[in-house]
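Below: one structure, written as structure tokens.
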Amino acid sequence: MATYSCAKCEMSVNASCAKCNLPLVNDSLALPDGSNVQISRCPQCEGKIKSPMCCGSDMSCSI
């Protein structure tokens with residue numbers, strides 16, 4: 001399971017898909033302008049969310 005952590009306050013969060021009840025995995029999404037955004041993805045249904053934020057910044061995940 002991907003664990004996202006806040007660099008400022010050290011809060012951590014784990015996320016799972018409510019539809020499939022599986023842990024979300026860390027991934028990235030290529031945008032049309034060529035940039036990449038960190039996301040969390042369900043390995044079964046392929047649902048995606050933007051990675052969580054804390055203290056005004058994206059939380060990071062080390063794989």
Side-chain angles (χ1 to χ4, degrees):
M1 177 181 300
T3 299
Y4 292 86
S5 300
C6 177
K8 290 184 180 180
C9 73
E10 299 182 7
M11 180 184 152
S12 294
V13 66
N14 293 323
S16 61
C17 178
K19 179 179 176 183
C20 302
N21 202 32
L22 291 173
L24 298 180
V25 295
N26 186 48
D27 204 349
S28 64
L29 180 66
L31 300 178
D33 67 1
S35 63
N36 286 309
V37 175
Q38 187 175 21
I39 62 169
S40 299
R41 173 183 55 81
C42 176
Q44 183 169 313
C45 73
E46 295 297 318
K48 300 174 189 83
I49 62 167
K50 185 179 178 311
S51 295
M53 293 185 72
C54 187
C55 296
S57 299
D58 286 322
M59 296 175 88
S60 62
C61 178
S62 58
I63 304 173

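Between N26 and Y4, the closest side-chain pair of non-hydrogen atoms falls below 4.5 Å. In this structure, R41 and L29 have side chains that are not in contact, with every pair of non-hydrogen atoms separated by 4.5 Å or more.
Under a cut-off of 6.0 angstrom, the local environment of CD in E46 is crowded, with over 12 non-hydrogen atoms contributed by other residues, nucleotides or ligands. The number of heavy atoms from other shown groups lying within 6.0 Å of CG (N36) is above 12.
Rounding to the nearest 0.5 Å gives a distance of 9.0 Å between CG of D27 and OG of S51. Taking CD of Q38 as the reference point, atom OG of S60 lies at 7.0 Å (rounded to 0.5 Å). We find the SG-NZ distance between C45 and K19 to be 5.0 Å, quoted to the nearest 0.5 Å.
Closest heavy-atom contact between S40 and L24: CB-CD1, 3.8 Å. The minimum heavy-atom distance linking P52 with V13 is given by the pair CG-CG1, 3.8 Å. Taking all atoms of both residues into account, the shortest heavy-atom contact from M59 to C6 is CE-N, 3.7 Å. When every heavy atom of D58 is checked against every heavy atom of M53, the shortest pair comes out as OD1-CG, 3.4 Å.
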